[in-house]
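Note sheet for the following structure.
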2 protein chains.
Amino acid sequence: MTLDEILPDLRRQSVDARHTETGLWAASMLRERISAGQLAPGAKLSEEPLCEVLGVSRNTLREAFATLAREHVVTRIPNRGVFVTRPTADDIREIYRVRRFLESAALTWSTSPTTDALHAAIARARAARDVGSVPGMASANQDFHAGVVALTGSDRLNAQMTQVLAEMRLVFHSMVANPLFHAPYIDDNAVILDRFEAGDRPAAAALMVDYLRRAEEQLLEAHSRA
Amino acid sequence: MTLDEILPDLRRQSVDARHTETGLWAASMLRERISAGQLAPGAKLSEEPLCEVLGVSRNTLREAFATLAREHVVTRIPNRGVFVTRPTADDIREIYRVRRFLESAALTWSTSPTTDALHAAIARARAARDVGSVPGMASANQDFHAGVVALTGSDRLNAQMTQVLAEMRLVFHSMVANPLFHAPYIDDNAVILDRFEAGDRPAAAALMVDYLRRAEEQLLEAHSRA
DNA sequence: CCTACCGAATTGTTCAACAATCCTACAAGC
DNA sequence: GCTTGTAGGATTGTTGAACAATTCGGTAGG
C-alpha cells in the first residue's frame, strides 16, 4: 500500500484536530498507520503531501519524524527523505537479543506477582485462534510478552519493550505473513506462565529463552526467503 | 594504496564533517554542557539566548530540545519552557530498577567473554582514587558498568544504559557530591568481575544487585537531605 | 490581605524563502 | 557499450519573521 492510497483516510481523521503538542500528535497518527501496516516498510514519507493532509507545517512534521526515527519506526536518510524502516536480518537478531534479555530477566527478578493481565492475554489469544483471527492472535501474543516485562514495574523497560514490539510489527509486515505463525506459541506462553506461578523462575526464564530462539529462527528463515 | 584501503578513512572524515544535521549537533553541544555540570539541574534553557549563542534558529534549537527531552536529560513544561531535569526520588528508584535488571541480566546471559574493557576501567578507577580525583573515579566507574552491559552485544541495551548513566550524572549534580561516594565501590566492581571470570555468574549477578541496592540507598538518603 | 485584571515576556506554531543536496536524463568521450 | 560529466528539476535542511496562546508579575480595587 502506497502513500497515495491512504492520504484520503488520513485527511478524514485530521480535519478538526486542535491539540497542544502538535508534533507528538502527528507522530502518533503516523505510528498508527505504520503499525497497522497501511504504510508498508520501505514507503517514502514525503514532507509536502503529509503536511497538507495532516494540516501541520513542515517544521512540526519534522518534529514528528524525529520522534519516530528515535523509535526506529522510520529511517531518515540525509537529503533523501524519511522512509518506513525495512528491518534487516541483523535488526531481527538485535530485536530478539533485546527480548531475550528483557523477558527472561523480568521472569527471573520481577517483584510484582500480579499475573492477571498475562492470563487474560492467553485467553484472548486462544479465543482468536478458535476464530481463526491472525491479527487477534498476534495482538494477544504481544500483549502477553509486554505483560511479562510489565512485571518489572519499570516505565523505562516497558517503553523499550513497547518499542521493540512495534519493530516486531514492522518485521511481520515486511515479509509474507504465515497465518500459522502465532498458533503454536500460544500454549508455550501458557506453560511459561504456569512455571512462573509455580515459583520455578529459572525454568520459566529458560523456556522463554527457548521460545524466543525458535521464533527468531523461524523469522530469519522467512526473511531470507523474502 | 588502493581504493578499498582509503574508503574507511574517507567515511570517517565525512562523518566528522557532518555538520549537516544541525539539530543533532546542537543537542550534543547542550548534552555535553549538562553532563559536565556546567548547566545544573533545574536551570532554565531559554530559547532566544541559546539560539544566539549556538548560532542556530529557534526551529533548529527546538529539534535539539525534542531530542534531549526524549533522553530525559531535559524536561519540557508546556508554555513554560525547557529545564535541565532535576531527578526526583522516584527517578532514582527507577534508574536503579533499570540498572539492576540490565546489569544482572548482562552478567547472567552475556555471550561475549571479552572483559578487557572492564579490567581497564577498574585500573582507571584505582588510579583516580590514588590521585584523589573524584571525577576520574566517577567516570571510570561508569565505564565499568557500561562495559558490563556492553557484554550483551546489543546496541539497544547499550543505548538504554548510556541514557540511564547520563541521568545518573544529573543525580550526582543535583545533590552535594560526597567526595568519598565512589571509592568503596571500586573494589566491589573488582570482586564482581572476579566472580564473573571464574564462571560463577549467579554469584556475580547477586553481588551486582547487592551493590546497586546499597548505592541506591545511599543516594536516596543523600537526596532526602537535599 | 486577598482578588481580579492588565501588560510584558516567553513559548507554540505556521509560513515563506533560500541554500544544499540528490535524482534523472542526456550528451560526450574512451 | 560503458563510464564520465553536466544541466535541470525536485526534495530536503535551515533560517527568519510573524502571529496566537499562555504564563508571570505587578497593580488597582475591594
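Lettering of chains follows the sequences in order, A, B, ..., and the numbering in each one begins at 1.
- Across all non-hydrogen atoms, the minimal contact from B/L170 to B/H72 is CD1-O, 4.2 Å.
- Counting heavy-atom neighbours within 6.0 Å of A/Q218 CD, excluding the residue itself, gives a total above 12.
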- What's the verdict on side chain to side chain contact (heavy atoms under 4.5 Å, CB included) for B/F172 and B/H182, showing C-alpha distance, side-chain angles and the deciding distance? CA-CA 11 Å; B/F172 285 127; B/H182 298 286; 3.5 Å; yes
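- For the OP1/OP2 pair of C/dT14 and a distance below 4.0 Å, the side-chain nitrogens and oxygens of A/T60 include at least one atom meeting the criterion.
- Here the shortest heavy-atom pairing between A/P41 and A/H173 reads CD-CB, 4.0 Å.
- Contact between the side-chain N/O atoms of B/S57 and the OP1/OP2 oxygens of D/dG16 is not found at any separation under 4.0 Å.
- Across all strands shown, B/V56 has heavy atoms under 4.0 Å from sugar-phosphate atoms exclusively, and none from any base.
- In this model, a side-chain donor or acceptor of B/R58 finds a partner on the base of C/dG12 within 3.5 Å.
- When all heavy atoms of A/A106 and A/T152 are compared, the closest pair comes out as CB-CG2, 3.6 Å.
- Residue B/R76 places no side-chain atom within donor-acceptor reach of the base of C/dG12, judged by atom type and a 3.5 Å distance cut-off alone.
- For the atom pair CG (A/L219) and OG (A/S224), the distance works out to 11.0 Å, reported to the nearest 0.5 Å.
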Measure all distances between protein nitrogen or oxygen atoms and nitrogen or oxygen atoms of nucleotides 5-9 of chain C, and list the pairs falling under 3.5 Å.
none

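- Checking the phosphate oxygens (OP1, OP2) of C/dC22, no side-chain nitrogen or oxygen of A/K44 falls inside 4.0 Å.
- Between the CZ atom of A/R62 and the P atom of C/dT14 there is a distance of 14 Å, given to the nearest Å.
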